[in-house]
Structures are given as C-alpha cells and as structure tokens.
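To find a chain, count down the sequence lines: A is the first, B the second, and so on, and within it residues start at 1.
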Amino acid sequence: MFERERQAIETQLKAYLAEQGVPFTEDFKWSNIPFSGEWGIATSFFQAAAAEARAGKKVVVPVRAQELADGAARAIGLPDGFSRVEAVKGYLNLYFNTATYSQRVVDTVLAAGDEFGRGAPKGKRIMVEFSQPNTHKAMHVGHLRNMMLGAALANILEFAGWDVVRANYIGDFGKDVLKWVWNFRKRHAGERPPAEDVTRWMGDLYAESTTNLENDPDGDKEIEDLFHRWEAGDEEVVGLWRETRQWSLDGFSQVYDLMGIHFDRIYFESECEKPGKEYVEELVKRGIAIDERPAGPVIVKIDDLLGLEKEDYRVLVILRSDDTALYATWDLVLAQRKFKDYPDLETSLYVVDVRQSQHFRQVFKVLELAGVDEIKKAAHLPYEIVNLPGNITMSSREGTVVLLEDFIREAVSRARQVSEESNPELDAKTRDEVAWAVGLGSIKYPLIARDHSKIATFDWESALDFNGQASPYIQYAHVRANSILRKAGGAVPAPVAPTHLLDPKEVALIELLADFPAAVQRAADEWRTLQITNHAFELAKAFSEFYNACPVLNAEPAVRDFRLRLVAAARPALANALRLLGIQAPPVM
RNA sequence: GCCCUCGUAGCUCAAUGGAUAGAGCAGUGGCCUUCUAAGCCAAAGGUUGCAGGUUCGAAUCCUGCCGGGGGCACCA
C-alpha cells in the first residue's frame, strides 16, 4: 500500500551507499517494525556491510551495519509522511506519521470494499486440479482436506490476479469400479440408492464388494471379463456402469454445492482409457517404453533412458500385462490434454496427496523424455493426509473413516446448539443459516490452516471446539463489527484523520489491514492457504482486542467517526479473507 | 537397501536467513449495569531432537546421527 514511499526512500538509500563506496546494489528487504503499538517500515544494513567485508574491507559486520544505518538516517532526514527515523542495531526504522497513514489505510480499504486485497490481473492462466473423487466410493474427512486446499488455493490465485481453471478429475473407471459393478449385479440388481447420503451408500457397497471378492475364487476372472466387455461396448455392462456412476456423480454434486465448490472443467478417467492405450503403443513404437506382454507389463525404464547409474526415477508401469490400463496410462494423456484444452496455460497444478509424489515425478519425466515440452509447466502440490489420533490412517476397508456426511451433520448440529445458548433470540431461519455457516466453517478451517507438509490429525473434540484459533472466532469478529455498524445506523462517516492519540490496538488493526494484499500475493506465490488462514485469524484477533479496548459508539464524536470507519474497513477485510477460504461470514451469530 | 518428509511450550501448530522464537488448546488468576463473554486481560510455560559445518547472523541452509511417517514393477 506504500510502495511509492518505499521506493523513493530506497533510491535515496542506494545513492547514500554508492556515495560511501559500499559495493551493494541489491534491492532492500523491507519488513514491518516488529514492536507492537508502533507502525512503520524497516530495513537492515547487514547485507551491505557484509558486501564490504567480502570486498576486502576490514569491518565488523554488525558494527558497520549500525554505522551505515546511522549515516543513512542522517542522509535521508525525515521524509514526507514519516514522524521519526531511527537507526538501531543495524536497522533503519522509519515510523509513519500515524494520523496521515491510518486515514489512508482506512480510506483505501473502504474504497475497495469486497475487492480489497485483489491483485492486478496478471494475464496468466493456471489450472488447479483437485478433489479427484472416486465414484462408487464414500467421501471422508481425508477427501475434505484436498477439496478445501484446492478450492481455497484456486480462490486465492484468482483474487491475486491469475486466470484460474478449476479442474476435477473423477475416478470413474478401473478395477475398483468394476469390482463394485460386479458385486452389485450379483447381489443388488435392481436396487436404487437412498435419497440421502448417496455416497455413503455407494461406499458401503464398495466395502461389501471387497469382502465378497476376497471370498470368491472366481471373482477376479469375472471382473476381468467385465473389463473386456466394457471395452467392447457391451450394452449391459456399460449401461449398468453408466447408471451407477451417475448416482455417485449426483452425490458429489450435492457435496460440492454444500461446500460452495464449483469446477470449470471436469475430466474422467474413463475418457482417458482409449487414448491412453494408444499413447502407450506410441511410446513402445518410439522405443521409450518396453513391451513385455504377455509375460509382463509395458514399462518405461526411466533411469536407463536418462543414463543414471543410481536408481532415482526407477520404473513406471504404463499398461498391465493383461492389456488393462492403470492410473499412469490415464495420467500420461490427461497431462497433455490439459495443455491442448488450454494452450495458454502457464502452470498446470495437481493437488494430490504426498504419497503420489513419485508417481508424478515419473509421469512428468516420461512425458519430458517423450518430448512434451509443456510438461515443464506441470507441478505437483503434495500435501499430507488426515490421520486419526495415534497416527492411524483412515481406511474404509477397516472401517476407520470419518465420513463426510457424519462430520458435517455433527458440526452443524453443534453450531446450532452453541448458537441457541449464546443468542436465543434468533429466528428459526436465521438460526439455520448461522448453524450451517459456522458448522461448515469450523470443519473447513483447520484442514487448511496448517502447512501442507504436516499431517493433520482428526479428533472429534478439537474438531468441534469453536474457541480460539478456529473459524467461528473469525466469524464472530465479523459479526461484532457488523453489530456496531448496524447500531450506528448504517451510515459510514465521511473520511477523517484521527485527532486522538491512536490506541496501540487501533494501530495493530490498521497495520494488519494494510498487510492483507501482500498476504494474498504471498499465498498465491507460495501456494499456501496457511498465509490466509493465519492472516484472517490475526485480523480477527486484532479486531477483538480493539473491540475490547476501544469503545466506538460511546466515544466522543471525532473519535467515534474515525473508529466507525475503522470498523467499517475491518468488516469487509474479514469477510474477504473468509471468502477466499471458502468460509461464509454471517451477519449475526 | 534407496528416496522423500516431519521433529519448536504438556498438546495442536506459527515464525520472507535478521531485532526479545509467537499463537491456540489444556491448566492458574481476574473481567459481563458499557458496541453479542463463540470474547477480553494477567501470570506461567522453550537447551527449536542431538552433534558438527556454512554465515556478520541459523528454528530456517549443508552433512551426519537419533526418532516418527510415507514411497519404491502391473493399487490409486
């Protein structure tokens, strides 16, 4: 928000260093002054001093850094808009003139409103592939992390200025699917799914099919037969597959609607089946893949092709020995199809859990070896899975899963209960909206509020704890801001500079508001939703502390006007941050 | 065996190579006649797994070790 001032000062600093003969021409790194209640920007001279040391000048770096900071402070004097300049411990601290700057921040946020924090269009397109559910299976909490990560990241990238394509890749074919179909036509022919919890029902039948297959010596053969009949376009098999698949797809749609997620492009594994096999043949012809059928599968010996002595990429199986396709077969063609569908794609991002890191490394490398240049723009964003306490991985086979439907129901019910206790006056319709907004928010937030590389642990107690660093806390701050504005009559006073000495809590809140646009950019650059979940929480915390320390409505008129504008700025900032995370900001709770 | 990854307060997690390592939860003590207490305030809690190295400066980068998790030919 203050790039212009910063650049002007930076120019002066560089001139000063040049004058002193310091061989340092890099850009300065700026940060906020880390003392609470103070507001300003800071940079250090350690790099410059170190550059001198490297150039042969005999200096003690910290001492020299302080010398340079001192000299720089004298050289730039007191720039416009600043109230104080100091050199401390090698740092140059520039304190803003709080009256001027606080008004500027508040005015800027209010002018932008719902758009506050949006970056300028970058003119670059990125595809984010996420969710990737399997038909004929249930959805559990693990799937939710992927969904939320992908959805939030897509929102953030878009807000940061990217053109975003939200893509889904649905696992609607393969051995597991046909296993389900095999069991269904044997034992459930003619049955139809229930009205509610369709994906759970599909999952139950999937678990049943697994058990039945284990106890059926002819099962594997019969499934292989189904495979070939599907390929040949057998009407009965394809018809049944299509019908049952649709049940899952409808179930997914319900979940996505509930979660507020949409996709721009949906790919299916079944579509990749045929072109995948053709591509495998091509790779064999070109000598990239080795065909060991029928004794073995079709493989690519990646390390050999790269001339690597040590094993690294190892071997990728791209077609089974029985001619059936597998994951890698489809992925090889899907990766290329994405660039065909969107030729201007700058980045093709895969949000898939970390266990598939090697798989993607292999697939991308094989395509590179095959001369597919665009594949350099493909990237895998690996994230860790959601485990149960005791580091137990969820397994539908062992019944150790927390189903999405159950989780949502519990969270919404808990939210309703808390709402009834703390705000009994709400009417039924509003209560319902609050329960859903808070319940859904509370399950979404923790899944994206930790680094991707950290395993998330699910337990009911903390999942349903609405206190502290959690989505309801942020929503509550928004509600309080809204409440003040409502009681003020809705009108926001005209722009005004503060005439009172700003409270440290006001300063802290203003600083966080000013930082939001940078947080959005950083989250987009690093593909880290964590930047936004943290910022949203910090913002809510700053607002709560401000709320507690600084009366608004009962303050004297000049103070009241300024604070009212500050509250009016905080409200959309909180709502925007939540919106990026896919979380609603209800007006009351 | 090879490769990847994680290790920070009792627990769950933060911390663009930079100033005094911060939050939440749990526990302790306070605050509702004042804008919604899903809140706020205070105190307490640390050898950043261990040992070296690089650097003016390391929780952060490198090496080794210890411990947890994951991946390594026809699952996805």
Side-chain angles (χ1 to χ4, degrees), chain A residues 29-31 33-35 42 44 46-47 49-50 53-54 59-65 88-91 93 132 134 171 174-176 269 292-293 296-299 301 310-322 324 326-328 330-331 352-359 361-362 382 384-385 387 391 393 415 418-419 421-423 425 438 442 446 449-451 453-457 459 461-462 465-470 472-473 475-477 479-488 522 525-526 530 534 537-538 541 544-545 547-555 563 567 588-589:
Chain A
K29 287 186 282 185
W30 294 93
S31 56
I33 294 173
F35 313 121
S44 73
F46 295 104
Q47 274 89 353
R54 272 194 299 275
V59 295
V60 180
V61 171
V63 175
R64 180 59 177 157
V88 184
K89 293 181 183 171
Y91 283 84
N93 293 334
Q132 306 112 338
N134 293 312
K175 210 163 188 173
D176 285 346
E269 282 180 356
E292 298 182 337
R293 286 173 296 177
V298 181
I299 60 174
K301 292 187 169 177
K310 225 173 121 187
E311 60 174 354
D312 187 1
Y313 291 92
R314 297 188 165 89
V315 170
L316 180 64
V317 174
I318 59 175
L319 196 67
R320 291 198 188 92
S321 49
D322 66 357
T324 56
L326 38 70
Y327 195 38
W330 306 318
D331 259 342
V352 181
D353 82 61
V354 67
R355 292 172 299 187
Q356 291 180 42
S357 292
Q358 180 171 237
H359 167 79
R361 234 163 71 85
Q362 291 180 316
E384 269 291 357
I385 57 175
N387 278 351
N391 218 10
T393 299
V418 174
S419 171
E421 284 163 13
S422 57
N423 196 353
E425 259 115 75
V438 173
S442 74
R450 53 184 21 61
D451 198 85
S453 62
K454 297 275 173 63
I455 293 172
T457 302
D459 73 276
E461 197 187 328
S462 56
D465 184 358
F466 293 168
N467 299 316
Q469 183 160 9
Y473 177 88
Q475 292 169 315
Y476 187 59
V479 162
R480 284 172 140 185
N482 197 48
S483 182
I484 291 176
L485 294 169
R486 194 176 53 239
K487 292 210 161 137
R522 202 174 150 199
D525 290 344
E526 300 177 356
L530 176 66
N534 276 356
F537 174 69
E538 293 296 329
K541 190 171 154 63
S544 293
E545 290 174 10
Y547 181 95
N548 191 253
C550 305
V552 178
L553 298 176
N554 296 329
R563 286 184 177 164
V567 173
V588 294
M589 276 170 74

Provide, to the nearest angstrom, the distance between the [atom1] atom belonging to [X] and the [atom2] atom belonging to [N].
X        : N      : atom1 : atom2 : value
A:Glu311 : B:rC3  : CD    : C1'   : 8 Å
A:Asn387 : B:rU5  : CG    : P     : 19 Å
A:Ile385 : B:rG70 : CD1   : P     : 7 Å
A:Lys310 : B:rG1  : NZ    : C1'   : 11 Å

* Residues which pass ring pair (Phe, Tyr, Trp, His ring centres under 6.0 Å) with A:Tyr547, listed by chain and number, not counting sequence neighbours -> none
* Kindly write out the residues that satisfy ring pair (Phe, Tyr, Trp, His ring centres under 6.0 Å) with A:Tyr313, not counting sequence neighbours, or none if the list is empty. =>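 Partners of A:Tyr313 by the ring pair (Phe, Tyr, Trp, His ring centres under 6.0 Å) criterion come out as none, since no residue qualifies.
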* To do: Indicate whether the side chain of A:Ser462 and that of A:Asp465 have a donor and an acceptor atom separated by less than 3.5 Å.
  => no
* Take nucleotides 8-17 of chain B nucleotide by nucleotide from the 5' end and write B, S or -, depending on whether a protein heavy atom sits under 4.0 Å from the base, only from the sugar-phosphate, or from neither. => ----SSSSB-
* Structure fact -> Going 5' to 3' through nucleotides 30-40 of chain B and flagging B where a protein heavy-atom sits under 4.0 Å of the base, S where only the sugar-phosphate is that close, and - otherwise, we get ----SBBSBSS
Same-atom distance ([atom1]) from [N] to [M], integer angstrom:
N      : M      : atom1 : result
B:rC32 : B:rA51 : P     : 49 Å
B:rA15 : B:rA76 : C1'   : 36 Å
B:rA58 : B:rG52 : P     : 14 Å
B:rG10 : B:rU48 : P     : 12 Å
B:rA59 : B:rU47 : C1'   : 13 Å
B:rA73 : B:rU12 : P     : 33 Å
B:rA9  : B:rA44 : C1'   : 11 Å
B:rU20 : B:rC40 : P     : 28 Å

Between the main-chain N or O of [Y] and the side-chain N or O of [X], is there a donor-acceptor pair closer than 3.5 Å?
X        : Y        : value
A:Asn93  : A:Ala42  : no
A:Ser422 : A:Val418 : yes
A:Arg450 : A:Leu530 : no

* Structure fact -> Note, RNA chain B 5' to 3' with Watson-Crick or G-U pairs under 3.5 Å encoded as ( ), [ ], | and . gives (((((((..((((....[...))))..((((.......))))......(((((..]....))))))))))))....
Where do N or O atoms of nucleotides 73-76 of chain B meet protein N or O atoms at under 3.5 Å, pair by pair?
residue : atom : partner  : partner atom : Å
B:rC74  : O3'  : A:Arg320 : NE           : 3.3
B:rC74  : O2'  : A:Arg320 : NE           : 3.1
B:rC74  : O2   : A:Ser321 : N            : 2.8
B:rC74  : O2   : A:Ser321 : OG           : 3.2
B:rC74  : N3   : A:Ser321 : OG           : 3.2
B:rC75  : OP2  : A:Arg320 : NE           : 3.0
B:rC75  : OP2  : A:Arg320 : NH2          : 3.3
B:rA76  : OP1  : A:Arg320 : NH2          : 3.3
B:rA76  : OP2  : A:Tyr327 : N            : 3.3
B:rA76  : O3'  : A:Glu269 : OE2          : 3.2
B:rA76  : N3   : A:Gln356 : NE2          : 3.3

* Go through the steps for A:Asn387 and A:Thr457 under the test side chain to side chain donor-acceptor pair (under 3.5 Å), then give the verdict. => CA-CA 5 Å; A:Asn387 278 351; A:Thr457 302; over 6 Å; no
* Asked: Does A:Glu538 come within less than 4.0 Å of A:Lys541, counting only side-chain N to carboxylate O?
  ->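 A:Lys541 and A:Glu538: not salt-bridged.
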* To do: Run the salt-bridge test on A:Asp322 and A:Arg293 with the 4.0 Å N-O cut-off and return the result as yes or no.
  => no
* Could you tell me how the ring of A:Tyr327 sits relative to the ring of A:His359: parallel (under 30°), tilted (30 to 60°) or perpendicular (over 60°)? => parallel
* In Å, rounded to the nearest 0.5 Å, how long is the span from OH of A:Tyr476 to CG of A:Asn467? ->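 Nearest 0.5 Å value for the OH-CG distance: 11.0 Å.
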* To do: Could you grab the distance from atom CG of A:Asn391 to atom CD1 of A:Ile455, nearest 0.5 Å is fine?
  =>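 It comes to 5.0 Å.
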* 5′-ward residue of the pair A:Arg54/A:Gln358 relative to RNA chain B -> A:Arg54
* Between A:Glu384 and A:Glu538, which is nearer to the 5' end of RNA chain B once each is assigned its nearest nucleotide? -> A:Glu384
Base, sugar-phosphate, or nothing: which does [X] touch, judged by heavy atoms less than 4.0 Å apart?
X       : result
A:Ala53 : nothing
A:Asn93 : base
A:Ala42 : base

* Take A:Ile484 and A:Arg563 through the side chain to side chain contact (heavy atoms under 4.5 Å, CB included) test and state the conclusion after the steps. => CA-CA 10 Å; A:Ile484 291 176; A:Arg563 286 184 177 164; over 6 Å; no
* Does a distance-only test, which skips hydrogens and angles, find a donor-acceptor pair under 3.5 Å between the side chain of A:Arg314 and the base of B:rC2? -> yes
* Asked: With syn defined as a glycosidic torsion within 90 degrees of 0 and anti otherwise, which applies to B:rC62?
  ->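 Chi for B:rC62 falls in the anti range.
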* Asked: Taking everything shown except A:Glu461 itself, do over 12 heavy atoms lie less than 6.0 Å from its CD?
  -> no
* Structure fact -> Between A:Glu384 and A:Ser453 the two heavy atoms that sit nearest each other are CG-O, 3.3 Å
